[in-house]
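Down below is the structure, laid out as structure tokens.
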Amino acid sequence: MIIYFYASALIKSLIEEPGTISINNFLLKISRHKRTVIFATSAITKAEIMAALSAIRRGRHLTQTKFENAVADFKIRWKAFFIPEVTSILIDNAG
């Protein structure tokens with residue numbers, strides 16, 4: 001099974017905001033499956049997550065410690081993602 005994460009869903013697993021409980025419950029449910037699960041996202045997601053975390057921090061909605069923890073957590077999780085190469089063929093097949 002391949003699960004594709006958009007930045008907006010992934011950010012909810014890193015910091016507490018509306019939807020965090022739903023995403024975390026979904027991830028817990030998926031982790032119980034006996035099937036192999038591949039988490040995928042786009043390469044641009046890395047920039048989107050870092051920009052979002054920085055903006056949330058600048059807006060003082062995260063303490064410096066929580067910001068640093070979220071960044072560290074994301075860097076660890078990023079290594080586990082499958083990042084497909086975006087080609088015209090992939091875009092055509094996805095459409």
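Not measured: the values here are computed from a predicted model. By convention here, the first residue in the shown sequence is residue 1. For the numbers below, each heavy atom of this structure counts, side chains included, while hydrogens, waters and symmetry mates do not.
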State yes or no: do Y6 and I56 share one hydrophobic cluster built from I, L, V, M, F, W and Y residues joined by side-chain heavy-atom distances below 4.5 Å, directly or via other members?
no
Other residues, nucleotides, ligands: >12 heavy atoms within 6.0 Å of E68 CD:
yes
Linking Ile, Leu, Val, Met, Phe, Trp and Tyr by side-chain heavy atoms under 4.5 Å, what else ends up with I38?
I2, F82
Test of understanding: clusters of I, L, V, M, F, W, Y form through side-chain heavy atoms closer than 4.5 Å, transitively. Do V86 and F81 belong to the same one?
no
For the residue pair P84 and L90, what are the closest heavy atoms and their distance?
CB-CD2, 4.3 Å
Give me the atom names and distance for the closest heavy-atom approach of R77 to S13.
NH1-OG, 2.6 Å
Tell me if a side-chain donor or acceptor on T20 pairs with a main-chain N or O of K12 at a distance below 3.5 Å.
yes
Residues which pass side chain to side chain contact (heavy atoms under 4.5 Å, CB included) with V71, listed by chain and number, not counting sequence neighbours
M50, L53, F67, K75
Flag if over 12 foreign heavy atoms under 6.0 Å of CD1, I91:
yes
CD of Q64: more than 12 outside heavy atoms within 6.0 angstrom?
yes
Between the side chain of S42 and the main-chain N/O of T45, is any donor-acceptor distance below 3.5 Å?
no
Output the distance between atom NZ (K66) and atom CZ (R57), rounded to the nearest 0.5 Å.
11.5 Å
F26-L10 co-clustered via ILVMFWY side chain contacts under 4.5 Å
yes
Give me the atom names and distance for the closest heavy-atom approach of A70 to I15.
CB-CG2, 3.9 Å
According to a 4.5 Å side-chain heavy-atom criterion applied to Ile, Leu, Val, Met, Phe, Trp and Tyr, with indirect links allowed, do F39 and I76 form part of one hydrophobic cluster?
no
With sequence neighbours left out, the residues meeting side chain to side chain contact (heavy atoms under 4.5 Å, CB included) with R60 are none
Counting only heavy atoms not in L28, do more than 12 sit closer than 6.0 Å to its CG atom?
yes
If you define the side chain from C-beta out and look only at heavy atoms, does anything of F74 sit under 4.5 Å from K46?
yes
Check against side-chain contact (heavy atoms from CB on, under 4.5 Å), M1 and T36:
CA-CA 6 Å; M1 174 187 326; T36 300; over 6 Å; no
Are any of the side-chain heavy atoms of I49 and W78 separated by less than 4.5 Å?
no
Sort out for me which residue in I30, N25, I23 forms a side-chain contact (heavy atoms from CB on, under 4.5 Å) with L27.
I23
